[in-house]
Amino acid sequence: MNLPVAELHIHLEGTLEPEMIMSLADKHSIDLPYSSIDELRAQYEFSNLQSFLDLFYANMLVLRTREDFYEITMAYLQRAHASGVRHVELFFDPQAHVERGMDLRDVIAGIRDALSEAQDRWGISHKLIACFWRHAPASEALELLRLMIAQKHEIDGIGLDSSELGFPPELFVEVFDLAREHGLHVVAHAGEEGPADYIWQALDLLKVERVDHGIRCLDDEKLVQRLVAEQMPLTVCPLSNIRLRAVDTMADHPLPSMLEAGLKVSVHSDDPAYFGGYMDANFASLMKAFNFSTEQLARLARNSFESSFIDDSAKSERLAEVEAWVSQR
Ligand SMILES: Nc1ncnc2[nH]cnc12
Ligand SMILES: [Zn+2]
């Protein structure tokens, strides 16, 4: 299809493919509880968000060095390039890596090396977003953010992820206030499994610029009206929603009605190594279920660039690529 898009909701650690888990475990002599890739793959059946997160956090322990972060980021960017991604805003979970003794500077340097190389090789532009865990105390996130600011870590924004239910955005007001004071962009997962109220909190208390997922907004008509009026971006992840059972089947996915309602939605891959594929697989699955028109596809692509944090002139260039794609259809 080759639709040019911005990938705005992708967790670096969620691109860790089973083959790389095995090879990194081998490289670092880490004993995994699986003896083969097939045995590992057999674990990839999820009943909800938490059942996925348990495996996701266990597997990412194989990432140990700056080179590992370079390798996983490069492998992702190569796939992204092949699936039409022209701009990426990459999430990573700093707490996961600090917790096992890594120096965050190595993590970020490895990721940044690959991002710069992809910019030179394929013209993919980028931003880097550190996501804090909502299942961990907000004081821990605050301490880490203060350190990242003091050490001038090269991040462009912060996000909020991990287990949603029981961990409302209101717990993280101080963290988000500090981030905004320092000119960082702010986004948060909200309304993936959690209630529409968490989306209100993300907007009113965290003052987010984008809501990650946000599909549960449909339970609250007033909220939908507000999101439409403000053209607040929602980064929707169709394959993720199916695999984590937030939605039953692709045919039941609310994306077409969200588009129809005038919500600023775009399509993203979340954790593609776990959910059955990258940007292209998400679009292929949507096309099979909904057979979107050229205009619907172009709207999703335009929304992705308009929702991104790239500057206005780069945004215009990317939007022109979408129009060129439309005119070739
Ligand atoms: N879908 C998701 N929701 C919350 N936290 C995550 N971390 C990685 N993927 C996530
Ligand atoms: Zn996510």
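Just so you know, residue 1 is the first one in the sequence shown, and it goes up from there. For ligands, and for the atoms within them, numbers begin at 1 and follow the listed sequence.
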Nearer than 2.8 Å to the Zn ion (ligand 2), the protein contributes N, O or S atoms numbering 4
Less than 3.5 Å apart, which donor and acceptor atoms pair up between the side chains of residues 281-288 and the rest of the protein, not counting sequence neighbours?
from	atom 1	to	atom 2	distance (Å)
Asn282	OD1	Leu239	N	3.0
Asn282	ND2	Tyr278	O	3.2

Non-hydrogen side-chain atoms of Arg86 and Val5 separated by less than 4.5 Å: no
Single hit among Ser83, Ser266, Ser304, Ser269 for side-chain hydrogen bond (donor to acceptor under 3.5 Å, both in side chains) with Glu7: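 Exactly one option meets the side-chain hydrogen bond (donor to acceptor under 3.5 Å, both in side chains) with Glu7, and it is Ser269.
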Aromatic centroids of Phe52 and Phe56 separated by under 6.0 Å: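 Here the rings of Phe52 and Phe56 have centres that are less than 6.0 Å from each other.
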Would you check ligand 1 and list the protein residues that come within less than 4.0 Å of it by any heavy atom, ordered by chain and number?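 Correct list: His11, Leu49, Phe52, Leu53, Phe56, Asp161, Ser162, His189, Glu192, His213, Asp270, Asp271.
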On a heavy-atom basis, which atom in Ile310 and which in Ser125 lie closest, and how many Å separate them?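 Taking every non-hydrogen atom into account, CG2-OG, 4.1 Å.
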Locate the shortest heavy-atom distance separating His87 from Ser308; write the atom from each residue and the value.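 Looking at all heavy atoms of both residues, the closest pair is CD2-CB, 3.8 Å.
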Has the side chain of Asp311 got a donor or acceptor atom that lies under 3.5 Å from a matching backbone atom of Ala314?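 Indeed, once roles are kept as given, a pair shorter than 3.5 Å links the two residues.
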Backbone of Leu61 reached by a side-chain donor or acceptor of Arg64 within 3.5 Å: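 Side chain of Arg64 to backbone of Leu61, a donor-acceptor pair under 3.5 Å: yes, one is there.
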Sequence neighbours excluded, every pair satisfying ring-ring contact (aromatic ring centres under 6.0 Å, His included) that has a member inside residues 186-225: His9-His189, His9-His213, His11-His189, Phe91-His189, His189-His213
